[in-house]
Amino acid sequence: MRDKLPLALLIIMGLLGFSDRFIPHPVWRTLNELLRNKMLILISVFALVLGLGNLLIHHVNRIKKRGTYWQHSVTLIASFVLVSIIGLLGGPNGNLWMPTQIGSFQFDIMTIYMKGLVALQSTMFALLAFYMASAAYRSFRARSTLAVLLLVSAFVVMLGQVPIGEALHAKMPVISQWIMRVPNTASKRGVDLGITLGALATMLKILTGVERSWMGGGK
Amino acid sequence: MNRSGLLWLIGLGLAIGLALSPPPASAQTAGPPGDAAPETAAADSTMLAAPPLWAAPSDVAAKDTPWDDGSSITVTWSAAPGASRYRIERAEPGGPFAEVGSAVATLTHYNDETVAPDAEFVYRVVALGPAGEEGASTPTAPVASEAQWFNGWLTLVLIALIAFIAVILYFIRKARSGEHLFIRRIAGLEAVDEAVGRATEMGRAVLYVPGVGDIQYLSTIASLNVLGEIAKKTAEYGTALRVPCANPVVYTVAREVVQGAHAAAGRPDTYDADSVYFLTEYALSYAAAVQGIMVRERPATNFLLGYFAGESLILAETGASTGAIQIAGTDATAQLPFFVVACDYTLIGEEMYAASAYISREPLSVGALKGQDVGKVVLILTLIVGTILSFAGVDFVRILETAPR
């Protein structure tokens, strides 16, 4: 029963998802929306509680064990508690019971989010430029025929996008566009077709119960 | 009255008659004459403005858009010569017309996607001249949209799907009967044993990153299947495993998978509940946290399998800088080049979906994998035939699209 019930539910939900494309009737679509998407939101809420619980337990354990860099865990738990208090008592825009402004210093949850988290995430995203440079250096070392091909085509594509490319050779933008439109698109479509077949095979393996590692097996 | 007096009287009568009679239709229209008389009977707002007239579109027809959810009616017409665009108007039978949309001069059809199923409407198409002249067609017969239980446009897709499913089921059955099935070599998956073995020898952990997609992504599901096989190997070798998750549902399933893998490997006691943990749902924050794990704990092997977005390069480059063996795979094609340059092995496209079967060598999974390969061969052959036909001037895709259903 422990295996059969989840598998039966999975088959029902899987077939519902599969039929969504082929049955356009609003009655079917509404049923689908209710059983799959609304249920998933419900499950996600419970899972989020589990996830947050796990996050706290994981870091409390690290502090207890005085694991490596346990101080980071203290920072995390302190931030978690502080932000939770501000969010729960101060409200999303600081309009609930707790005051979220001292003089000109504002610390409501939206301010923390916009001026703290978003700024930090932008910093992370900006780091991508440096990682791209190091990855380009790594891939452009012409150690094999394939690497040379990559280097030459990347060079042509880059030159084709900037005015200096056209100044060097009038056909540069055309060649650049051709590389992007023909070999690049062709290989991308090839990969996409393979992905579709792979996804279908995986779906079938799960629906037929061939693949059931997702059910776990522990006590 | 003499003869000249009679002629004078006839001439005067004709002159008065011509002066009092309405001008002919051709004299009223500023545009080219049309064969359809302008619609003037409908009592609607366009009558009040009384713009100059234009030739009206002919053969206007409205019908229920086939194989849809009942929210669309298709209106078609024959072009009115010289019209600069068309205005499509709708009314309940007997009611006033109101505009529902417009079409450029080159179009002769319009899909009204704002109707409710089973409600009756009549349509007319108004041709608009360059200076705002109007020529309204005669209204169509009442038409209602009906919701369908099958999307007939996808008949060929359904047939192809059923054929593909049949091939996979055939190979699963073949594998079940004990027949040995040959599958092609995938370098990235051949290296899994070596990668886990290296971590074991170095006494370091294996880091498994299941991506930033939620559980609805098939690549996440495929990644969790691979996680099961990797976790079995780490359980057998007694190697530490770290699985940081970016989604609470994925975390819940990943925990079950790892626990189940330890049980399947006969080492349930070695399962560490702290090895699978939830970090954050924000992709870049997640990337920062995983970077930290890579730099601090220096895992010997990194698996980056699942759905990734812009953070893929951050993770792969950080992993490369720590000297770890990296095996990556994703179905996000835009991220594949990053993995190719920064990782030791990259599973491209469907190889990631093949991974769990390839690692486990479990006969039924291998059967499905074989079916997947056969499907790919059929697809390649279809593409080759289609390309040859295209060069021969036969529009293969058009024939498939317009095939009778």
Side-chain angles (χ1 to χ4, degrees), chain A residues 21-29 40 43-44 47-52 54-55 57-58 61-62 68-69 72 117 120-122 124-125 127-128 131-132 134-136 138-139 188 190-206 208 210-211 213-219, chain B residues 67-70 117 147-151 154 158 164-165 168 172 216 218 221-222 224-225 228 248-249 251-253 256-257 259-260 262-264 268 271 274 277-278 282 284-285 287-288 296 310 313-314 317 331 333 338 341-342 348-350 353-354 356 364-365 368-369 371-372 375-376 379:
Chain A
R21 292 266 170 195
F22 295 97
I23 303 176
H25 202 282
V27 172
W28 194 259
R29 291 258 161 100
L40 187 72
I43 293 168
S44 300
L48 185 64
V49 175
L50 262 176
L52 288 177
N54 165 262
L55 184 76
I57 292 167
H58 180 77
N61 284 345
R62 273 185 67 177
T68 46
Y69 300 102
H72 293 187
L117 195 65
L120 286 169
Q121 285 183 337
S122 303
M124 279 303 294
F125 197 72
L127 279 176
L128 257 180
Y131 286 119
M132 273 187 187
S134 66
R138 194 196 309 281
S139 59
K188 191 173 170 297
V191 172
D192 283 343
L193 286 171
I195 287 170
T196 310
L197 287 179
L200 269 169
T202 303
M203 180 196 81
L204 210 61
K205 272 195 296 182
I206 294 172
T208 52
V210 168
E211 183 68 70
S213 61
W214 56 275
M215 277 198 262
K219 299 280 178 246
Chain B
W67 299 317
D68 71 345
D69 59 352
Q148 304 294 317
W149 284 96
F150 178 66
N151 183 353
L154 298 177
L158 185 65
F164 181 60
I165 288 169
I168 289 183
I172 288 178
Q216 280 181 308
L218 255 171
I221 295 172
L224 290 171
N225 291 341
V249 181
Y251 151 71
T252 316
V253 180
E256 283 292 311
V257 168
Q259 194 174 4
H262 276 257
Y271 168 67
D274 254 0
Y277 45 95
F278 171 67
Y282 294 104
L284 287 165
S285 310
R296 285 192 302 271
L313 188 62
I314 297 176
E317 272 295 292
D331 61 355
T333 42
F338 295 143
V341 297
I348 296 174
E350 91 278 10
Y353 292 102
S356 69
L364 295 185
S365 293
L369 182 54
Q372 186 181 322
K376 203 171 175 182
L379 207 61

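Heavy-atom basis, side chains included; hydrogens, waters and symmetry copies ignored.
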Exercise. CG/B:Leu313 to CE/A:Met132 distance, rounded to the nearest 0.5 angstrom?
Worked result: 6.5 Å
For this session: Against chain A, work out which of B:Ala288, B:Gly70, B:Ala354 has the most heavy-atom pairs shorter than 4.5 Å and name it.
Result: B:Ala288
Problem set entry | Heavy-atom pair with the smallest gap, counting every atom of B:Val341 and A:Ala135 | CG2-CB, 3.9 Å
Exercise. Between A:Leu48 and chain B, which part of the residue has a heavy atom less than 4.5 Å away: side chain, backbone, both or neither?
Worked result: both
For this session: Could you look at B:Tyr282 and say if it's the side chain, the backbone, both or neither that has a heavy atom under 4.5 Å from chain A?
Result: both
Exercise. Using non-hydrogen atoms only, which part of B:Leu369 is less than 4.5 Å away from chain A: side chain, backbone, both, or neither?
Worked result: neither
Exercise. What heavy-atom pair brings B:Ile314 and A:Met124 nearest, and what distance separates the two atoms?
Worked result: CD1-O, 3.7 Å
For this session: Identify which of B:Asn225, B:Ile348, B:Ile172 forms the greatest number of heavy-atom pairs closer than 4.5 Å to chain A.
Result: B:Asn225
Exercise. So, for A:Gln121 and B:Leu284, which heavy atoms are closest and what is the spacing to 0.1 Å?
Worked result: O-CD1, 3.5 Å
Exercise. So which of A:Ser44, A:Ala136, A:Gly190, A:Ser134 has the largest heavy-atom pair count under 4.5 angstrom toward chain B?
Worked result: A:Ser134
Problem set entry | B:Asp68 versus chain A, the contacting section by heavy-atom distance below 4.5 Å | backbone
For this session: Identify the heavy atoms of A:Gly51 and B:Pro248 that sit nearest to each other, and give their distance.
Result: CA-CB, 4.5 Å
Exercise. Are any of the side-chain heavy atoms of A:Leu197 and B:Glu350 separated by less than 4.5 Å?
Worked result: no
For this session: Give, as side chain, backbone, both or neither, the part of B:Thr252 having an atom under 4.5 angstrom from any heavy atom of chain A.
Result: side chain
Problem set entry | B:Arg296 side chain near A:Thr68 side chain, heavy-atom distance below 4.5 Å | no
Problem set entry | Segment of B:Phe164 engaging chain A (4.5 angstrom heavy-atom cut-off) | side chain
Exercise. Do the side chains of A:Leu117 and B:Ser285 get nearer than 4.5 Å, heavy atoms only?
Worked result: yes
For this session: May I ask you to name which of B:Asp331, B:Leu364, B:Ile165, B:Asp274 has the most heavy-atom pairs under 4.5 Å with chain A?
Result: B:Asp274
For this session: Grab the two heavy atoms, one from B:Ala368 and one from A:Ala201, that are nearest each other, plus how far apart they are.
Result: O-CB, 4.4 Å
Exercise. So which of B:Phe150, B:Phe338, B:Tyr277, B:Tyr271 has the biggest tally of heavy-atom pairs under 4.5 Å with chain A?
Worked result: B:Tyr277
For this session: Pick one of side chain, backbone, both or neither for B:Leu158, based on which atoms fall under 4.5 Å of a heavy atom in chain A.
Result: both
Seminar exercise, completed: chain A shares the most heavy-atom pairs under 4.5 Å, among B:Gly375, B:Gly228, B:Ser365, B:Gly371, with B:Ser365
Problem set entry | OG1 on A:Thr208 to CD1 on B:Ile168, rounded to 0.5 Å | 9.0 Å
Problem set entry | Contacting region of A:Tyr69 [heavy-atom separation from chain B under 4.5 Å] | side chain
For this session: Identify the heavy atoms of B:Tyr353 and A:Thr202 that sit nearest to each other, and give their distance.
Result: CD2-OG1, 3.1 Å
Exercise. Chain B heavy atoms under 4.5 Å from A:Val49: which part of the residue, side chain, backbone, both or neither?
Worked result: neither
Exercise. Between B:Asn151 (side chain) and A:Pro24 (backbone), is there a donor-acceptor pair under 3.5 Å?
Worked result: no
Problem set entry | Non-hydrogen side-chain atoms of A:Ile195 and B:Thr333 separated by less than 4.5 Å | yes
Problem set entry | Within 6.0 angstrom of A:Arg29 CZ, more than 12 heavy atoms from elsewhere | yes
For this session: Return the option, out of A:Val210, A:Asn54, A:Leu127, with the maximum number of heavy-atom pairs under 4.5 Å with chain B.
Result: A:Asn54
Problem set entry | Contact origin within A:Ser122 toward chain B - heavy atom pairs under 4.5 Å | neither
Problem set entry | Structural part of B:Tyr251 lying under 4.5 Å from a heavy atom of chain A | side chain
For this session: Please state whether the rings of B:Trp149 and A:Trp28 are parallel, tilted or perpendicular, taking 30° and 60° as the class boundaries.
Result: perpendicular
